[in-house]
Amino acid sequence: MTDPKQVDLERALRQALRSIEPPAGFEERVIRDLDSAHRRTKGARRLQPLAHWIAPLTESVGRLLWHQPLAALASAIAVLVLVAAGGLSYREHVQAVRAEETRGQVLQAVRIANEKLDTAFRLVAEETRSGGSAPAPDERSDRDQQFN
Amino acid sequence: MALMPADCPLACPAADPLDDGLVPAARAGDRRAFAALVRTYERMVYSLALRALGAAPEAEELAQDVFVQLYRNLEHIESSAHLASWLRRTTFHRAVDSLRRRRRRPATEPLDETAAVVAVVDGSAGFGDPLLARRLVSLLSTLAPVPRLVLLLRFQEDLDPSDIARELGLPLNTVKSHLKRSLERLRALYQEPQSP
């Protein structure tokens, strides 16, 4: 080998670093890669509308976290408070709807009871007017039906 | 610096791919035109990748990725000089990323960098002292990723420091300093007596 002290390093490097032919079939493999990459891209394109919205959002969140961690923390707390407030308000809404339904059912029950009481009073009044005689079996069953 | 055949007889394209209409045709989806582009620049991209990474399969994978990326970016290519510069810059960044990942990753099996480099140098025999060339190329793997790539652009692609700085977006003084320190280191390592 050449004496190390005599070497013109720059010239030696130029000679050593000659360009090299890639292995045979390189070009075909690139084209094959291109075809498979193209197929993958077509698949990914279906998700593109979603990615179009998500990517900038995650990017800006990442930037905020990196550059202004305090602001990011404050934003996270604000989001948590909003979510908690939303949850509470939704629970109250559900409870109010249920209370309204229960009230409606109670009113319905009262109305039905009221009608039945009216019928009972009417029957008692008719009974009293007719002088306390017991009704005929057919008549009684008609009245019972009416009451029920 | 535009790459002209007279400046780099081995690595450079024989004709201007833009003048030949290869880039517009490839842009329009013509696979044969793109294959011709790959043929024109494959030596340059593969050589850079191989010298940077030291391992032939990894270098081939990286070079293929660079060309796939080129296909997706053909609409941004304005001239043949721009095309060569784009390819060098992309290869540089991908090789640096790859070398950094390799450093972080615990090696499961040792990379036989020297063996790959020796095979490469033997393949290009006939240029100067082959033993010296083999030693220098294997010493390249001792340099950090960025200085190694800067040295390759200087001595393999024959770019001026100002061209390297412009292509890579680095300050000129940084490029000069990388070159100076890398040459000093290579010289020092080369002059050390080799272990048997």
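Every chain is numbered from 1, with letters handed out A, B, ... down the list of sequences. None of these values were measured; they are calculated from a predicted model.
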Shortest non-hydrogen separation from B:Ala35 to A:Glu27 and the atoms involved: CB-OE2, 3.5 Å

N/O donor-acceptor pair under 3.5 Å between B:Arg51 side chain and A:Arg18 backbone: yes

Side chain to side chain contact (heavy atoms under 4.5 Å, CB included) assessment of B:Phe67 paired with A:Asp33: CA-CA 9 Å; B:Phe67 282 111; A:Asp33 266 15; over 6 Å; no

Chain A contact via B:Leu48 - side chain, backbone, both or neither, heavy atoms under 4.5 Å: neither

Evaluation steps, side chain to side chain contact (heavy atoms under 4.5 Å, CB included), between B:Gln64 and A:Phe26: CA-CA 8 Å; B:Gln64 283 179 12; A:Phe26 176 80; 3.7 Å; yes

Residue B:Arg31 excluded, over 12 heavy atoms near CZ under 6.0 Å: yes

Option from B:Glu60, B:Glu61, B:Glu42 for which salt bridge (Lys or Arg N to Asp or Glu O under 4.0 Å) with A:Arg29 holds: B:Glu60

Lys/Arg N to Asp/Glu carboxylate O, A:Glu10 vs B:Arg154, below 4.0 Å: no

Under 3.5 Å: donor-acceptor pair, side chain of A:Arg14, backbone of B:Phe155: no

Same apolar cluster (I L V M F W Y, side chains within < 4.5 Å links), A:Val79/A:Leu70: no

Smallest separation among heavy atoms of B:Val68 and A:Val30, with atom names: CG2-O, 4.4 Å

Under 4.5 Å from a heavy atom of chain A, the part of B:Ala59 involved: neither

A:Glu28 atom CD, over 12 foreign heavy atoms within 6.0 Å: yes

Main-chain N/O of A:Ile20 paired with B:Ser47 side-chain donor or acceptor, under 3.5 Å: yes

A:Leu13 side chain near B:Val137 side chain, heavy-atom distance below 4.5 Å: no

Nearest-0.5 Å distance, CD of residue B:Gln156 to OG of residue A:Ser19: 7.0 Å

Euclidean distance, B:Gln191 CD relative to A:Leu9 CG, rounded to 0.5 Å: 8.5 Å

Min side-chain heavy-atom separation A:Leu17-B:Leu136 under 4.5 Å: no

